[in-house]
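Below: one structure, written as structure tokens.
A note on names: the letters A, B, ... follow the listed sequences, proteins ahead of strands, and every chain is numbered from 1.
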Amino acid sequence: MISVRNVQHNYRHNGVVESVLHGVNLAVAEGEFVVLMGPSGCGKTTLLNILGLMMSPTSADSVALAGTETLGLSDSARTRLRRETLGFVFQRFNLLPTMSVRSNVALPLRIRGQHADGAVDKMLDRVGLLPQAGKKPGRLSIGQQQRVALARALIGRPAVLFADEPTGNLDSASAGAVLSLLREFHRDWGQTILLITHNEHLVGAGDRVLTMRDGRLHD
Amino acid sequence: MLALAWANLTHHKLRTTLSALAVGLGLALFLVSNGLATGSIGEVADRMESVQAELLVLPAQENMVFSGGAVFTPGWTDHLASVADEQGPLATDVIPAYWSQITMGGQQQRLFGIDPEQMPLFLGDRGMVAGHAFEQATAFSQRIRELRATADGQPLDTLLDDDEWSAGLELVIDDRLRRVGQDGHPYEIGDVVRVLGREFRIVGVVESGVAGRVFAPIETLRLINDGGRQRSTMFFIKLRPGLDHLVAARLFTEQLGSTVQVQPTSDYGRRLQQELGKVFMYVNVTNTLALIVCFLFILLTMYTFVLERTREIGILKSLGVTRRGLIGLSMLEALLISSAGAVIGIALSFVAQAIIAMRLPLLTVELPPQHLATAVAIGLVGGIGSALYPGWRAARLEPAVALGYE
Ligand SMILES: Nc1ncnc2c1ncn2[C@@H]1O[C@H](COP(=O)(O)OP(=O)(O)OP(=O)(O)O)[C@@H](O)[C@H]1O
Ligand SMILES: [Mg+2]
């Protein structure tokens, strides 16, 4: 489902080049739940952004998603792939503050031009937030906000879910709720998941744990 | 998309309202100043064209708007009457007019000096609202003509006693000017008004729409301005029935030479518009600047939205909104603002029209559907245009970078 070879990435600020990824290789099978750990600043988010087509690597031999080689794709093709096969959950939720919870969750369907209808409320019910559907995200607790974000990421049934420290901002109870939802969805729908975390408790959630060190991945 | 645009606009109510207001004000300025220009010109033209005479004779090269004084010497009345084709004279009536600039109703007015007996040609089918179209002025004019025949070179004004003089000091005004009046009071029959250094009496009020807002006996103006010599500012010509106006106008010019211009009366509006083209240009330049400023306001608003919502743009991108979609979103928001602006602008224009009609009844603001449609079109096109750059800026951001913003 995910297959990358020799990904290199450098950041350049004020003329100083910082090399973050030096030759990452990774293969994730369809339906696999992979947990990615590593010290802060080692490049986990950078890798996830590259895999999620949110930025381009400085160089790479291959970045393939769902059987499609993405290197050299046009911006609109990358956007379409992102829209149709990828879902994201971020540490900072990234909900749209101006729209209601329901509209936030409906957004991926709307963007695809699909009717939201009952699916949105069903999804909200599943994450236990149907009573909050009409509120703006800012009125919810942070644990609830992350569940909205999860609902939004999964409503379009993406083949791959990227989660970047989804519990990083949560207390342990909320973190537990988010994690068990993640596992439920994974069990029911079998999407491929790549989850970044510092939380030792989440390690057991995945099928496989990878550690990033010195810009490379280790089993 | 619409929901998203709407959510954003309503989330920033003050900013959205202010930009819509800016567009509204700009468009209202455009509509009202254009409406004033076309309305006032149209009104003047309609009034001139209301005279029951087919041709208009002005000195050549004379500016139609600012002409005054009396360049036509006494012989011209006969001159004009003598222009003929094989079937005889072209004119059945030669109608001299003598224009003076005066101030009445708190505003510059063109005082129309005319022969009281020719007043029906100016009235057409309009009636008197009050009083009469001159009382003693007809007899006065008669008396002046007699004196002129016998004066033998003496200035006529020295031959009149005070009573005889006052018979000629009559004014007929139109209803619009009557309503404006002086010092907050409408004019009434019998009011004495000081113009041209004399005390004139208002003896009649005619329905609005006649050539002048103020009429006086032509001989009175000639006495005051030209020592009673039979000079005229311009002429109207009533043609023999069945003559083509343009052909007749050409015959007049041919036979009278290049010192005069003879035009169909019905052409007055078009020619006036032409002459005022330069004035219009200033109006248009001002309008254009005002519009540019108000669309810069939208641009700034949209740009601020983009800067402020960089993260949001990143989120939309992560969800798969294309570049085109983001530009579209920006345009949609701008379009909503500018449509609201167009509605506000049109509403404000009608309010301004009503206020002007109430406070300055001598001015006419025209808001024809074409102008309103133009304003709406400018609003929409300007709105879309000002959203392009901010939209493009938003579209260009890399999602990861956009998401990294605070
Ligand atoms: N946009 C950027 N511009 C320049 N340098 C960056 C940028 N983003 C990240 N970096 C640098 O790249 C390195 C890796 O960052 P990254 O965010 O990928 O680490 P991370 O493993 O996700 O860390 P954390 O666990 O703290 O989230 C860091 O040193 C960081 O300072
Ligand atoms: Mg990170």
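Between A:Ile111 and B:Gly320 the shortest heavy-atom distance is CG2-O, 3.9 Å. Shortest non-hydrogen contact noted between B:Leu4 and A:Leu107 is CD1-CD1, 4.4 Å. The two atoms that bring B:Glu398 and A:Met55 nearest to each other are OE2-CA, 2.8 Å, heavy atoms only.
Under the 4.5 Å side-chain criterion, counting only non-hydrogen atoms from C-beta, B:Asn8 is not in contact with A:Leu96. Side-chain contact between A:Asn49 and B:Leu403 is absent, with no heavy-atom pair separated by less than 4.5 Å. Between B:Glu312 and A:Thr98, some side-chain heavy-atom pair lies under the 4.5 Å cut-off.
Atom CZ of A:Arg139 has 12 or fewer heavy atoms from other residues, nucleotides or ligands within 6.0 Å. Atom NE2 of A:His13 has more than 12 neighbouring heavy atoms from other residues, nucleotides or ligands inside a 6.0 Å radius. For A:Gln114, the CD atom is densely surrounded, since the number of other residues' heavy atoms within 6.0 Å is greater than 12. In the displayed structure, A:Asn10 atom CG is contacted under 6.0 Å by more than 12 heavy atoms of other residues, nucleotides or ligands.
For chain A, the nearby parts of B:Leu319 are the backbone and the side chain; heavy atoms of each come within less than 4.5 Å. Proximity to chain B (any heavy atom under 4.5 Å) is shown, for A:Asn94, by both the backbone and the side chain.
Near-neighbour residues of residues 67-85 of chain A relative to chain B, defined by a heavy atom under 4.5 Å from a heavy atom of that chain, comprise A:Asp75, A:Thr79, A:Arg82, A:Arg83.
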